[in-house]
Amino acid sequence: MKFAAIIVAGGRGERVGGEIPKQYKPLAGKPVIGWSVEALRAAGAAEIVAVCAPEHADLCRNATAGLAKIVDGGPTRTASVRAGLAALEGDPEVILIHDAARPGLDGELIGALVGALESGAAAVAPALAVPDTLRRADAAGRIIEDVARDGLMRIQTPQAFRADVLRAAYGALSVDASMTDDIAVVRANGVEAKLIPGDAKLMKITYPEDIAMLERMLGGERVICVGNGVDAHRFGDGEFVTLCGVRIPHAKGLVGHSDADAGWHALVDAILGALGEGDIGAHFPPSDPQWKGADSERFLRHAAKLAESAGARIVHVDVTLLCERPKIGPHREAMRVRTAQVLGIPLSRVSVKATTTERMGFLGREEGLAAQVTATVERPA
Ligand code: MG
C-alpha cells in the first residue's frame with residue numbers, strides 16, 4: 001500500500017532543557033528527527049511532511065536534510081497534525097503519524113503497521129504492556145488508590161491509518177479539539193483501532209538522560225573526555241575581582257581584556273579541551289574590541305552551547321583558584337551556584353576550591369591570581 005508520513009515536531013521540549021529543542025539535538029551522529037525521516041524513506045514512504053514550530057523551520061529543514069516537506073505547526077498537537085494532513089500532496093492509501101521525539105523507528109515496525117492495515121485494520125498503533133505496579137497519587141505523593149495494570153498498554157507512535165478513515169475523523173472533529181494522539185481522534189469518530197507489539201527503543205525522549213540511553217540503544221558509542229584549563233590574571237587598580245561569576249570586594253582589581261574572571265576562563269578552556277574545540281582565545285580573540293570588558297558569562301554560555309550542539313553532556317567540573325587573597329572560602333558556595341546555573345547542571349557536579357602557594361612565586365607575591373580547572377564531559381566518540 002502506498003503510504004505517506006507526517007512527523008509531528010512542534011514541541012519545544014522544555015523538560016529536556018538546553019537551547020536546541022530535543023527533536024533537533026544530535027543523537028549518535030544525526031539529529032533526533034533525522035533517524036525517523038531516514039527510516040521512513042528507507043521503508044518506502046512516498047511523501048514525508050514534518051510539522052514544526054514556525055521559529056524552528058530552519059532547524060527542521062537542516063535536520064531532515066531535504067527529505068521532508070516542512071510545514072508550520074499549530075498551537076496543539078492536533079492542530080499540527082491537521083496542518084500536516086493539509087500539506088500532503090499525493091493521494092496515499094495509508095498515512096503514518098509519528099512523534100519526532102521517538103527516533104528508534106525501524107523498517108520492521110513500519111512494515112508491521114502497514115501489514116496490519118493490509119490485513120483489514122483501519123487504524124493501528126504500536127503498544128507495550130506496563131511492567132510496573134501502578135498507583136494513583138496526589139501532588140504531595142500520597143497514595144490515593146491502587147490501579148490494576150491488567151490490560152493497560154503504553155501507546156507509541158507511529159500510528160497508521162487508512163487515509164480515508166483518518167481524514168474523515170479529522171473532518172468530524174471540532175476545530176479547537178485537542179487530543180493526545182491520533183488513535184483518540186479516530187476512536188472519537190467511532191473507528192475501532194488495533195494494537196500491535198511496540199518496541200522499547202521507540203521510547204519518547206522526555207528527560208535529558210534519555211538522549212544518552214537512546215544513543216546506546218541505537219548503537220552510538222560515547223566516551224568520557226577530561227579537559228584541562230589554566231588561566232592567570234594580573235592584579236591592578238580596582239575595588240573588586242570577579243571570580244566564577246561572583247564579585248568579591250578586594251583592595252585590587254584584575255587586569256584583562258574582558259572582566260578577567262580567571263576561574264571561568266580556565267573553565268571555558270577545560271570544556272573546549274574536552275570537546276577538542278581549541279581554546280578561548282580562538283573563540284573570543286582578545287584583539288576583538290567587542291570582548292573588551294565582556295562579562296565572562298557569555299564565554300561560559302558559548303562553551304555550554306558548543307557542548308550541547310556536539311551532543312555532549314558536562315558531567316562534572318572542578319575549579320581550583322590559586323591566590324593568597326582575596327579569601328575564597330566565604331564566596332565558594334556562591335561560585336558553585338553561579339557556575340551550575342550557567343552550565344545548567346546540578347550543583348553536586350560543580351566543585352570550587354582554593355589554595356595558596358605558601359607565598360612563593362608571582363602568586364605568593366600577590367602580583368596576580370590563577371585558576372586551574374578540569375571538566376569531565378561525556379560525548380559521542
Ligand atoms: Mg583569562
Side-chain angles (χ1 to χ4, degrees), residues 225-308 312 314 316-329 331-332 334-345 350-357 360-377:
C225 296
V226 178
N228 172 47
V230 174
D231 193 32
H233 280 271
R234 188 182 292 277
F235 283 124
D237 291 341
E239 295 167 344
F240 65 90
V241 298
T242 303
L243 288 170
C244 295
V246 176
R247 184 183 276 223
I248 302 172
H250 190 47
K252 303 169 185 173
L254 285 172
V255 181
H257 191 66
S258 66
D259 63 4
D261 186 336
W264 274 1
H265 291 183
L267 174 54
V268 169
D269 260 358
I271 295 169
L272 294 176
L275 297 174
E277 283 281 356
D279 58 34
I280 191 171
H283 291 262
F284 303 99
S287 55
D288 187 336
Q290 71 166 310
W291 308 125
K292 186 165 172 48
D295 184 339
S296 295
E297 182 175 335
R298 289 185 63 178
F299 306 158
L300 191 55
R301 285 198 185 279
H302 174 78
K305 190 161 184 196
L306 276 180
E308 188 192 342
I314 299 170
H316 178 258
V317 301
D318 183 18
V319 180
T320 303
L321 299 168
L322 298 109
C323 60
E324 299 291 337
R325 284 184 295 178
K327 289 292 167 218
I328 302 301
H331 309 284
R332 219 171 62 87
M335 292 179 186
R336 290 180 69 210
V337 168
R338 285 281 291 129
T339 304
Q341 272 171 352
V342 173
L343 291 179
I345 63 177
V350 177
S351 155
V352 174
K353 55 198 200 295
T355 188
T356 70
T357 55
M360 294 179 288
F362 74 91
L363 297 167
R365 292 189 298 272
E366 296 188 44
E367 293 168 18
L369 56 71
Q372 183 171 324
V373 177
T374 54
T376 306
V377 171

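Ligands are counted one by one from 1 in listed order, and the atoms in each one are counted from 1 as well.
- The aromatic ring centres of H265 and F299 sit less than 6.0 Å apart.
- Within the 4.5 Å cutoff, the side chain of L300 has no heavy atoms near those of the D261 side chain.
- Residues H316 and D318 bring no donor and acceptor atom of their side chains to less than 3.5 Å of each other.
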* Checking side-chain contact (heavy atoms from CB on, under 4.5 Å) for the pair I271/L343: CA distance, chi angles, key distance, verdict? -> CA-CA 11 Å; I271 295 169; L343 291 179; 3.8 Å; yes
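- At least one donor-acceptor pair under 3.5 Å links the side chain of T357 to the backbone N or O of M360.
- At least one donor-acceptor pair under 3.5 Å links the side chain of R332 to the backbone N or O of V352.
- Each protein N/O/S atom under 2.8 Å from the Mg ion (ligand 1) was counted, for a total of 3.
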